[in-house]
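Notes for the one structure printed next.
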Amino acid sequence: MVTAMADFLPSSPLTETTSPKSPSKTIAVVNQKGGVGKTTTATNLAAALALDGVNTLLIDVDPQANTTGGLGLPRDEARISVYDVMLGNNTAAEAILPTEIKNLSLLPGSKNMIGANLELVTAERREFRLREALEPIRKEYDFILLDCPPALDLLTLNSLVAADGLLVPMQAEYFALEGISELMSTLDRVAAAFNPELKLEGVLLTMFDDRTILSQQVRANLQEFFSEKLFTTVIPRNIRLAEAPSHGKPCVVYDPRSRGAEAYFELAHELLHRNGMRPAIRPRKRLIVDPIPPHREIISTPEPKKKSRIWPFGG
């Protein structure tokens, strides 16, 4: 059984032709560590962008299909999913579904994708299956977000090859720092071997508790290393973020006045600002009436500093 992404990566870079740059932006939400808020981030960020008038496609690449369920769609293995698209049985356009949120579409996941890692091992251009499937529909969306599984496998590799940028959610803890070093090494190799246009969009702190010294120290260390690539927005621990999936809604719809939802709206605005875009809809007034206490100032979104170097790991 092939389980590690290293088994798919060549020892030296490959020469690969790349398609002309699409006007849309494709971002993979990725971290090989589970429980760091990838699905929560992908779902709420996509919904926040859509609510701001940005035409967005969310792709559920995780066999657990939690993103699909989190948007209120029942898990249906007979439905066309990313699995069928990657195996070439259906086109992406045939698999995309509308959601209850205007401007947000979904390419659903399925537990059938568990077998994709094995079924695609001997397939031609196995690493480019998702990228090539998305090419015909990229121009229809301003942003395409991919929710990746918590593993560095062939599904994640396909997502990285299909992406223009990488958004890495992580918790402010010691083991997360160790894990991100391994992830950055892998991303550097993927960029060199398959996708030279791949860039780090940003690192996002999730489930952040600013009352602890450890959280503050981890944030300071990440700020020093990643500079402007660390999102100024952080996602706090918030019970509404955990409750929302059971209602089949992103938190930004379930309780838009919660601290968790506010943080994801701010993240959406920061992402748009970084990409030289503005919300198509008039920006909403802040839903928090009272001034943010001093110890909450880190969830504000100051204007990111400009810096010419985007990928801090060489290449």
Side-chain angles (χ1 to χ4, degrees), residues 5 8-9 18-19 21-22 24-34 36-47 49 54 56-68 82-83 85-86 92 105-109 113 116-117 120 126-135 137-138 141-170 179-180 182-204 206 226 229 231 267-268 271 274-275 310-313 315:
M5 185 184 290
F8 302 109
L9 292 171
T18 57
S19 304
K21 186 172 179 59
S22 168
S24 68
K25 186 74 173 283
T26 302
I27 298 176
V29 182
V30 59
N31 193 325
Q32 82 278 15
K33 190 177 185 299
V36 297
K38 287 189 300 298
T39 297
T40 299
T41 295
T43 304
N44 283 281
L45 176 57
L49 288 169
V54 179
T56 306
L57 173 64
L58 180 58
I59 303 179
D60 191 352
V61 193
D62 191 340
Q64 298 178 77
N66 288 333
T67 293
T68 302
V82 176
Y83 171 81
V85 172
M86 291 183 65
S105 300
L106 173 71
L107 206 170
M113 289 190 293
N117 280 312
L120 291 176
R126 61 189 179 186
E127 304 89 356
F128 297 87
R129 288 300 185 96
L130 186 56
R131 177 180 181 137
E132 293 172 349
L134 294 179
E135 282 301 326
I137 54 96
R138 279 182 189 254
Y141 301 94
D142 299 309
F143 277 95
I144 299 176
L145 301 184
L146 301 102
D147 181 23
C148 301
L152 296 176
D153 57 11
L154 190 53
L155 292 173
T156 299
L157 179 57
N158 263 267
S159 299
L160 301 187
V161 173
D164 303 310
L166 304 166
L167 194 161
V168 184
M170 64 172 291
I180 203 169
E182 178 184 349
L183 178 62
M184 291 299 104
S185 176
T186 299
L187 299 184
D188 200 22
R189 294 180 62 190
V190 171
F194 301 112
N195 186 3
E197 300 300 319
L198 187 65
K199 300 292 186 294
L200 178 65
E201 188 70 28
V203 175
L204 174 70
T206 60
F226 286 106
K229 284 301 169 181
F231 283 104
L267 176 63
L271 181 64
R274 288 186 176 201
N275 287 276
I310 297 178
W311 181 253
F313 306 99

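- I27 places a side-chain heavy atom less than 4.5 Å from the side chain of L271.
- In this model, no donor atom of one side chain and acceptor atom of the other lie less than 3.5 Å apart for T39 and N66.
- With a 4.5 Å cut-off on side-chain heavy atoms, R126 and L157 do not count as touching.
- Using a 4.5 Å heavy-atom threshold, the side chains of L134 and I59 count as touching.
- Counting heavy atoms from C-beta on, the side chains of L155 and V82 never come closer than 4.5 Å.
- The shortest distance between side-chain heavy atoms of K38 and D147 falls below 4.5 Å.
- At least one side-chain heavy atom of L57 sits less than 4.5 Å from a side-chain heavy atom of I137.
- A donor atom on one side chain and an acceptor atom on the other are found under 3.5 Å apart for E201 and N275.
- The CG atom of D142 lies 12.0 Å from the NZ atom of K25; values are rounded to the nearest 0.5 Å.
- No option in L49, T26, L45 other than L49 meets the side-chain contact (heavy atoms from CB on, under 4.5 Å) test with F143.
- The CG atom of L167 sits 11.5 Å away from the CG atom of L146 when rounded to the nearest 0.5 Å.
- Shortest non-hydrogen contact noted between A133 and V85 is CB-CG1, 3.4 Å.
- In this structure the side chain of F194 never reaches within 4.5 angstrom of the side chain of L160, judged on heavy atoms.
- The two residues V30 and C148 come nearest to each other via the heavy atoms CB-SG, 4.1 Å.
- Counting only distance, with no hydrogens or angles, the side chain of N158 and the backbone of L130 share a donor-acceptor pair below 3.5 Å.
- Residues Y141 and S24 approach most closely at O-CB, 2.6 Å, considering heavy atoms.
- A distance-only check finds a donor-acceptor pair linking the side chain of N195 to the backbone of A163 [under 3.5 Å].
- We find the CG-CD distance between L120 and E127 to be 9.5 Å, quoted to the nearest 0.5 Å.
- Side-chain atoms of S159 do not come within 3.5 Å of backbone N or O of A28 as any donor-acceptor pair.
- Taking CE from M86 and CG from L154, the interatomic distance works out to 6.0 Å, rounded to the nearest 0.5 Å.
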Should L267 and N44 be marked as a side-chain contact (heavy atoms from CB on, under 4.5 Å) after you check the CA-CA gap, both sets of side-chain angles, and the distance that decides it? CA-CA 10 Å; L267 176 63; N44 283 281; over 6 Å; no

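- Expressed to the nearest 0.5 Å, how far CD1 of I144 lies from CG of L58 amounts to 10.5 Å.
- No side-chain heavy atom of T206 sits under 4.5 Å from any side-chain heavy atom of T40.
- The backbone N or O of P169 lies less than 3.5 Å from a partner atom in the side chain of N31, making a donor-acceptor pair.
- Looking at T156 and D153, their side chains do bring a donor and an acceptor atom within 3.5 Å of each other.
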